[in-house]
Amino acid sequence: MYRRTIFVLVVVLPALIQPLKAQDTATVTDRQLRQRLDYALNDTRRSIEELTEFLARMQTLRAAVDARIARDSLAPRPTTGTSRPPVTNTGPTPPGTDREPTTPAAASALVYRHDFTDRTIGEFGQWGGYTPKPVSVIADPTGSGRGNVARIVYERDPAGGGSRDVNGGMYAHPNPPGGHPEGVGFGDRVYFQGDFYIPSYPAGNTPSRLSQVQRKLTYLKFGSPAARSGGLFPVLWGRTDGSGMDLSLVTENNVTAVPTNVDGLAFVRWNTWYRMGLEMIVNHQGVADGTIRLWLNDALIYEGKNLEIFVGGSNGASAFIYEWGIGNQEQWAENEPVPMKNYRLWDNIEFRTARP
């Protein structure tokens with residue numbers, strides 16, 4: 001387009017105007033000259049219009065790019081978790097510093113997904129609670145148009161002799177293709193995603209010591225059912241003002257992945273749907289090269305790298321995530337006079353080999 005415009009302006013117009021200057025009326029009439037000049041001017045006008053339109057499109061594109069750069073610069077930055085330096089390894093050469101184990105399966109391959117549309121809990125198992133079956137599938141009571149959702153009920157009367165610690169929920173045994181036959185083991189990667197809803201306390205059932213109320217969202221159990229070697233779980237702690245709960249990341253036993261408690265990662269309001277994502281890339285045996293990432297509503301709120309999630313002394317035959325609990329637990333303060341009576345909802349649960 002640029003070449004045609006230049007050609008018309010530099011070559012064609014002078015060639016047409018030159019006969020007028022020389023007044024070569026013997027071979028070209030005035031009418032013919034005017035016609036040729038009109039043609040050239042029209043062609044030039046079209047070329048200029050095309051060039052103007054092209055420049056306008058470029059300006060629009062530039063404005064969009066500038067807006068995207070400005071928006072990205074204002075986005076919240078991920079919180080970097082506590083990292084451990086690589087440990088000394090006398091075996092095979094480990095991956096380099098700040099590297100993640102490779103995943104044998106394709107990126108973000110779906111392992112299992114269930115949205116409770118069929119009014120069942122799918123392939124999940126359920127356990128615990130004050131009744132044999134604390135999990136049920138019901139029509140979405142929140143009015144969010146989700147169809148069916150899973151409800152996990154927690155009820156106990158500590159004042160009447162019941163436990164203040166109620167365990168109940170769904171569980172899964174995710175096993176990525178090519179991974180450890182019993183679950184997620186050394187060098188494996190797993191990603192969990194699900195939507196959860198925490199309702200406010202029913203009238204007359206607000207605990208007196210809100211800050212001591214604990215609710216596990218998910219529970220990764222390491223080792224084996226007969227001898228659990230550790231665990232990792234995102235957990236909610238009540239706020240003293242009763243406005244909602246704070247999200248923390250907690251480890252137990254001898255897990256050296258993160259500090260015992262990483263508190264204040266996010267604020268969770270009552271009566272609101274949230275989407276949580278948790279990705280774990282397990283370290284190689286004896287090497288601190290694992291990664292843990294936690295998202296809330298697609299915002300990265302925790303990232304820890306160069307971690308020894310399964311400690312170096314673990315046996316390769318027993319060091320793996322043998323169970324992934326969903327819902328799992330609620331715990332109140334000792335001698336709480338108010339009986340526990342509440343529930344939580346889950347929907348759109350899926351396991352993948354990596355975050356999509």
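Because only heavy atoms are used, hydrogens play no part in the values below, and waters and symmetry mates are left out as well, while side chains stay in. Sequence positions, counted from 1, serve as the residue numbers for this chain.
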**Q** Could you report the tightest heavy-atom contact between Asn342 and Pro202, atom names first, then the distance?
**A**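 Nearest heavy atoms, Asn342 then Pro202: CB-CD, 4.5 Å.
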
**Q** Less than 4.5 Å apart, any side-chain heavy atom of Glu279 and any of Thr291?
**A**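 A side-chain contact under 4.5 Å is absent here.
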
**Q** Is it true that Arg146 and Asp195 have a side-chain N and a carboxylate O under 4.0 angstrom from each other?
**A**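 Counted as a salt bridge, because a side-chain N and a carboxylate O are separated by less than 4.0 Å.
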
**Q** Looking at side-chain heavy atoms only, is the closest gap between Tyr191 and Ser108 below 4.5 Å?
**A**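 The answer is no, as the side chains (C-beta and beyond) never meet within the 4.5 Å cut-off.
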
**Q** Under 4.0 Å between a Lys/Arg side-chain N and an Asp/Glu carboxylate O for Arg355 and Asp298?
**A**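 Judged by the 4.0 Å cut-off on N to carboxylate O distance, Arg355 and Asp298 do form a salt bridge.
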
**Q** Taking all non-hydrogen atoms of both residues into account, name the closest pair between Gly168 and Ile152 and its distance.
**A**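 Shortest heavy-atom separation between Gly168 and Ile152 comes out as O-CG2, 3.7 Å.
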
**Q** Are Thr120 and Val137 close enough, and set up right, to give a side chain to side chain contact (heavy atoms under 4.5 Å, CB included), and what steps lead you there?
**A** CA-CA 6 Å; Thr120 74; Val137 178; 5.6 Å; no

**Q** At what distance, to the nearest 0.5 angstrom, does CE of Met170 lie from CD of Gln126?
**A**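 If I round to the nearest 0.5 Å, the distance is 8.5 Å.
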
**Q** Any donor and acceptor pair, going by atom type alone, linking the side chain of Thr353 with main-chain N or O of Ala109 inside 3.5 Å?
**A**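 Confirmed, Thr353 side chain pairs with Ala109 backbone.
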
**Q** Check whether more than 12 heavy atoms from other residues, nucleotides or ligands sit under 6.0 Å from atom CZ of Arg113, and answer yes or no.
**A**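 Yes.
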
**Q** Rounded to the nearest 0.5 Å, how far does CD of Glu323 lie from CG of Asn328?
**A**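 Rounded to the nearest 0.5 Å, the CG-CD separation comes to 7.5 Å.
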
**Q** Determine, step by step, whether Thr251 and Phe222 satisfy the side chain to side chain contact (heavy atoms under 4.5 Å, CB included) criterion, reporting the C-alpha distance in whole Å, the side-chain angles of both residues, the deciding distance to 0.1 Å, and the verdict.
**A** CA-CA 11 Å; Thr251 61; Phe222 304 161; over 6 Å; no

**Q** Could you grab the distance from atom NE2 of His114 to atom CD of Glu123, nearest 0.5 Å is fine?
**A**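 Rounded to the nearest 0.5 Å, the NE2-CD separation comes to 9.0 Å.
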
**Q** Do Leu220 and Met280 make a side-chain contact, defined as non-hydrogen atoms from C-beta onward lying under 4.5 Å apart?
**A**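 The answer is yes, as the side chains (C-beta and beyond) meet within the 4.5 Å cut-off.
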
**Q** Is the backbone N or O of Ala299 less than 3.5 Å from a side-chain atom of Asn297, with the two atoms forming a donor-acceptor pair by type?
**A**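 Checked: no pair found.
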
**Q** Under a 4.5 Å cut-off applied to non-hydrogen side-chain atoms, are Arg164 and Glu336 in contact?
**A**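 Side chain of Arg164 against side chain of Glu336, heavy atoms only: no contact under 4.5 Å found.
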
**Q** May I ask you to decide if Gly185's main-chain N or O and Asp188's side chain share a donor-acceptor pair within less than 3.5 Å?
**A**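 Yes, the answer is positive, given that a donor and an acceptor are paired below the 3.5 Å cut-off.
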
**Q** Would you say Gln212 and Gln214 are linked by a side-chain donor-acceptor pair, where the criterion is simply a distance under 3.5 Å?
**A**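 No, no side-chain donor-acceptor contact under 3.5 Å.
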
**Q** Determine, for Trp127 and Lys221, whether the Lys NZ or Arg CZ falls below 6.0 Å from the six-membered ring centre while staying within 45 degrees of the axis.
**A**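 Geometry flag: set, cation within 6.0 Å and 45°.
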
**Q** Using 30° and 60° as the class boundaries, would you call the ring planes of Trp273 and Tyr197 parallel, tilted or perpendicular?
**A**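 Aromatic pair Trp273/Tyr197 classed tilted.
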
**Q** Between the main-chain N or O of Met340 and the side-chain N or O of Arg156, is there a donor-acceptor pair closer than 3.5 Å?
**A**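 Side chain of Arg156 to backbone of Met340: no pair is present.
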
**Q** Picking from Asn283, Asp289, Val287, what satisfies side chain to side chain contact (heavy atoms under 4.5 Å, CB included) with Glu308?
**A**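 The single option meeting the side chain to side chain contact (heavy atoms under 4.5 Å, CB included) with Glu308 is Asn283.
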
**Q** Rounded to the nearest 0.5 Å, what separation is found between the CD atom of Glu350 and the CG atom of Asp115?
**A**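 Going from the CD atom of Glu350 to the CG atom of Asp115 covers 10.0 Å.
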
**Q** Evaluate the side-chain proximity of Met276 to Tyr274: yes if any heavy-atom separation is below 4.5 Å, no if none is.
**A**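 Of all side-chain heavy-atom pairs linking Met276 with Tyr274, none is under 4.5 Å.
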
**Q** Between Arg209 (side chain) and Glu334 (backbone), is there a donor-acceptor pair under 3.5 Å?
**A**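 Checked: pair present.
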
**Q** Centroid separation under 6.0 Å, is that true for the rings of Phe351 and Phe192?
**A**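 Phe192 vs Phe351: aromatic centres under 6.0 Å.
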
**Q** So, for Asp140 and Gly145, which heavy atoms are closest and what is the spacing to 0.1 Å?
**A**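 Minimum heavy-atom separation between Asp140 and Gly145: OD2-N, 3.5 Å.
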
**Q** What's the shortest heavy-atom distance between Ser248 and Trp237, and which atoms?
**A**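 Shortest heavy-atom contact: OG-CD1, 3.6 Å.
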
**Q** Checking Asn205 side chain against Pro339 main chain: does a donor-acceptor pair fall under 3.5 Å?
**A**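 Indeed, once roles are kept as given, a pair shorter than 3.5 Å links the two residues.
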
**Q** In Å, rounded to the nearest 0.5 Å, how long is the span from CG of Asp263 to CG of Leu247?
**A**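 It comes to 9.5 Å.
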
**Q** Can a donor-acceptor pair be found, under 3.5 Å and without considering hydrogens, that links the side chain of Arg344 to the backbone of Arg151?
**A**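 Between the backbone of Arg151 and the side chain of Arg344 there is no qualifying donor-acceptor contact (under 3.5 Å).
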
**Q** Determine whether Trp270 and Tyr201 satisfy the following criterion, ring-ring contact (aromatic ring centres under 6.0 Å, His included), listing intermediate values before the conclusion.
**A** CA-CA 9 Å; Trp270 304 122; Tyr201 292 105; 5.3 Å; yes

**Q** Quick test of your reading of the model: are Arg215 and Glu330 salt-bridged, counting only N-O distances below 4.0 Å?
**A**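 A salt bridge links Arg215 with Glu330.
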
**Q** With the side chain counted from C-beta on, respond yes when Pro234 and Tyr219 share a heavy-atom pair under 4.5 Å apart, and no when they do not.
**A**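 Contact flag for Pro234/Tyr219 side chains = no.
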
**Q** Side chain to side chain contact (heavy atoms under 4.5 Å, CB included) between Ile301 and Leu294: does it pass, once the steps are laid out?
**A** CA-CA 6 Å; Ile301 60 175; Leu294 181 65; 3.9 Å; yes

**Q** Starting at CG of Leu236, measure out to CG of Asp246 and round the result to the nearest 0.5 Å.
**A**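 Interatomic distance, Leu236 CG to Asp246 CG, rounded to 0.5 Å: 8.5 Å.
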
**Q** Under a 4.5 Å cut-off applied to non-hydrogen side-chain atoms, are Pro337 and Ser208 in contact?
**A**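 Pro337 vs Ser208: side chains touch.
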
**Q** Can you name the closest pair of heavy atoms from Phe267 and Met245 and give their distance?
**A**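 Minimum heavy-atom contact is CD1-O, 3.4 Å.
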
**Q** Would Ile138 and Arg119 satisfy side chain to side chain contact (heavy atoms under 4.5 Å, CB included), going step by step from the backbone distance to the final call?
**A** CA-CA 7 Å; Ile138 64 172; Arg119 299 192 64 83; 5.5 Å; no

**Q** Could you label the plane-to-plane angle of the Tyr171 and His173 rings as parallel, tilted or perpendicular, counting under 30° as parallel and over 60° as perpendicular?
**A**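 Ring orientation, 0 to 90° scale: tilted.
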
**Q** For Phe233 and Thr218, work out which heavy atoms get closest and say how close.
**A**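 Closest heavy-atom pair between Phe233 and Thr218: CB-O, 2.9 Å.
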
**Q** Could you tell me if Thr117 and Asn148 have a donor-acceptor pair between their side chains, going purely by distance under 3.5 Å?
**A**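 Distance-only check fails for Asn148 and Thr117.
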
**Q** Within the 4.5 Å heavy-atom criterion, are Leu278 and Trp295 side-chain neighbours or not?
**A**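 Leu278 vs Trp295: side chains apart.
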
**Q** Donor-acceptor pair, distance only, cut-off 3.5 Å: does the side chain of Asn271 make one with the backbone of Ser200?
**A**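 Present.
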
